[in-house]
Amino acid sequence: MKLLLRGHHLLCLKGFQGYGYDENFTKNMTEVNDLRKQPQTIVRLTNTPDDICNACPNLNNGLCKDQIHNTNIVQMDDEVLKNLDITKEYNSVELFEKINSIFDTKESLSKICFNCLWHEKCLFYQKLDNNR
């Protein structure tokens with residue numbers, strides 16, 4: 001199986017625990033989260049709408065909400081993706097292990113997760129120390 005994932009969604013999936021914008025989004029996110037845990041799953045990276053965005057009620061003509069919000073989302077993606085080779089396909093299990101090693105403190109997530117409406121519920125964010 002192949003997944004197309006935005007940079008910041010690599011973090012979202014690590015902290016996902018069943019919350020979402022609506023039932024359809026939550027169902028899709030659960031399915032993608034289950035797939036990313038399978039060793040046979042391959043992930044391609046992007047900073048554009050992905051397999052999670054496809055079920056998001058905020059996706060509007062290829063943008064997340066509007067141009068301003070979308071620009072902020074792309075910046076979050078790029079902050080994650082600068083640590084990875086976006087031209088390559090990754091084994092999903094290995095990719096998410098790499099994410100654990102790159103983003104290992106709240107400080108390392110500060111530019112990405114600071115304004116996220118989910119960060120107070122995010123298991124990945126909550127388990128991290130405040131600094132190195």
Side-chain angles (χ1 to χ4, degrees):
M1 179 61 162
K2 285 194 175 188
L3 288 173
L4 177 65
L5 295 175
R6 298 186 83 125
H8 84 274
H9 282 160
L10 300 175
L11 305 175
C12 299
L13 287 165
K14 299 282 301 169
F16 178 70
Q17 56 180 324
Y19 298 102
Y21 299 107
D22 63 19
E23 185 177 332
N24 186 46
F25 178 85
T26 303
K27 180 179 183 267
N28 183 61
M29 184 79 160
T30 300
E31 290 170 1
V32 170
N33 200 33
D34 289 344
L35 284 172
R36 70 107 179 159
K37 296 174 183 176
Q38 303 301 316
Q40 69 273 18
T41 299
I42 301 299
V43 176
R44 285 184 341 185
L45 302 171
T46 188
N47 67 355
T48 61
D50 66 0
D51 291 333
I52 292 173
C53 297
N54 290 336
C56 184
N58 295 323
L59 187 63
N60 184 19
N61 294 321
L63 297 176
C64 185
K65 288 187 185 178
D66 56 38
Q67 187 63 50
I68 293 170
H69 188 77
N70 193 75
T71 297
N72 292 332
I73 296 298
V74 171
Q75 288 173 345
M76 291 166 50
D77 292 331
D78 290 344
E79 190 66 30
V80 174
L81 296 174
K82 74 180 185 183
N83 298 287
L84 301 163
D85 180 354
I86 64 169
T87 65
K88 103 178 224 189
E89 292 184 337
Y90 289 87
N91 170 279
S92 186
V93 172
E94 292 171 6
L95 174 61
F96 281 89
E97 287 172 2
K98 186 171 184 138
I99 290 298
N100 284 342
S101 67
I102 295 169
F103 299 100
D104 57 354
T105 65
K106 287 183 180 177
E107 182 182 331
S108 66
L109 296 171
S110 64
K111 291 182 181 176
I112 305 158
C113 302
F114 179 73
N115 289 321
C116 176
L117 82 122
W118 303 106
H119 86 268
E120 292 300 323
K121 296 180 186 290
C122 175
L123 296 176
F124 182 58
Y125 183 83
Q126 294 304 317
K127 75 173 182 132
L128 297 175
D129 291 328
N130 284 324
N131 52 39
R132 293 187 191 274

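All values reported here derive from a predicted model rather than from experimental measurement.
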So if you build clusters from Ile, Leu, Val, Met, Phe, Trp, Tyr with side-chain heavy-atom gaps below 4.5 Å, do Leu128 and Phe96 land together?
yes
In Å, rounded to the nearest 0.5 Å, how long is the span from CG of Leu10 to CG of Leu84?
7.0 Å
Nearest heavy atoms of Leu59 and Pro49, plus distance in Å
CD1-CG, 3.7 Å
Considering only NZ, NE, NH1 and NH2 on the basic side and carboxylate oxygens on the acidic side, decide whether Lys27 and Glu23 come within less than 4.0 Å.
no
Check: Val80 main-chain N/O paired with Asn83 side-chain donor or acceptor under 3.5 Å
yes
Does one hydrophobic cluster hold both Val93 and Phe103, with members joined at side-chain heavy-atom distances below 4.5 Å?
no
In this structure, CG of Leu3 is separated from CD of Gln38 (nearest 0.5 Å) by 10.5 Å
Do you reckon Ile102 sits in the same ILVMFWY cluster as Leu11, going by side-chain contacts under 4.5 Å, direct or chained?
yes
Between Asp34 and Thr30, is any pair of side-chain heavy atoms under 4.5 Å apart?
yes
Tightest non-hydrogen contact, residues Ser92 and Arg36, listed as OG-O, 2.5 Å
Asn91 side-chain N/O to Pro39 backbone N/O, donor-acceptor pair under 3.5 Å
yes
Specify the closest pair of heavy atoms between Pro57 and Asp22, including all atoms of both residues, with the distance to one decimal.
CG-OD2, 3.6 Å
Should His8 and Glu79 count as side-chain neighbours, where that means a heavy-atom distance under 4.5 Å?
no
Hey, is Asp50 close enough to Arg6 for a salt bridge, meaning N to O under 4.0 Å?
no
Please list, one pair per line, the donor and acceptor atoms closer than 3.5 Å that link side chains of residues 12-19 to other protein atoms, with sequence neighbours excluded.
from, atom 1, to, atom 2, distance (Å)
Lys14, NZ, Asn100, OD1, 2.8
Gln17, NE2, Lys121, O, 2.2

As an exercise, state the distance from SG of Cys113 to CZ of Phe124, rounded to the nearest 0.5 Å.
8.0 Å
Is the side chain of Asn70 donor-acceptor paired with the backbone N or O of Cys64 at a distance under 3.5 Å, no angle test?
yes
State, with a plain yes or no, whether a side-chain heavy atom of Asn47 is found less than 4.5 Å away from one of Ile73.
no
Is it true that the NZ or CZ of Arg44 lies under 6.0 Å from the centre of Tyr90's six-membered ring and within 45 degrees of the ring axis?
no
In Å, rounded to the nearest 0.5 Å, how long is the span from OG1 of Thr26 to CG of Asn33?
12.0 Å
Looking at CD1 of Ile42 and CG of Leu35, how far apart are the two atoms once the value is rounded to the nearest 0.5 Å?
12.0 Å
Just wondering, more than 12 heavy atoms not from Ile68 lying within 6.0 Å of its CD1?
no
Assigning hydrophobic clusters by single linkage (Ile, Leu, Val, Met, Phe, Trp, Tyr; side-chain heavy-atom cutoff under 4.5 Å), is Ile112 placed with Leu81?
yes
Are Met1 and Val43 connected into the same hydrophobic cluster when the rule is that any two of I, L, V, M, F, W, Y join if their side-chain heavy atoms are below 4.5 Å apart?
yes
How many angstroms lie between CG in Leu4 and CD in Glu89, if you round to the nearest 0.5 Å?
10.0 Å
Flag side-chain contact, heavy atom, 4.5 Å: Val32 against Met29:
no
Search all heavy atoms of Leu63 against all heavy atoms of Gln67 and return the closest pair with its distance.
CD1-OE1, 3.7 Å
Would you say that Thr46 contacts Ile86 through its side chain, given a criterion of any heavy-atom pair below 4.5 Å between the two side chains?
no
Verdict with reasoning, Lys127 to Lys106, per side chain to side chain contact (heavy atoms under 4.5 Å, CB included):
CA-CA 9 Å; Lys127 75 173 182 132; Lys106 287 183 180 177; over 6 Å; no
Side chain to side chain contact (heavy atoms under 4.5 Å, CB included) between Ile52 and Phe25: does it pass, once the steps are laid out?
CA-CA 8 Å; Ile52 292 173; Phe25 178 85; 3.7 Å; yes
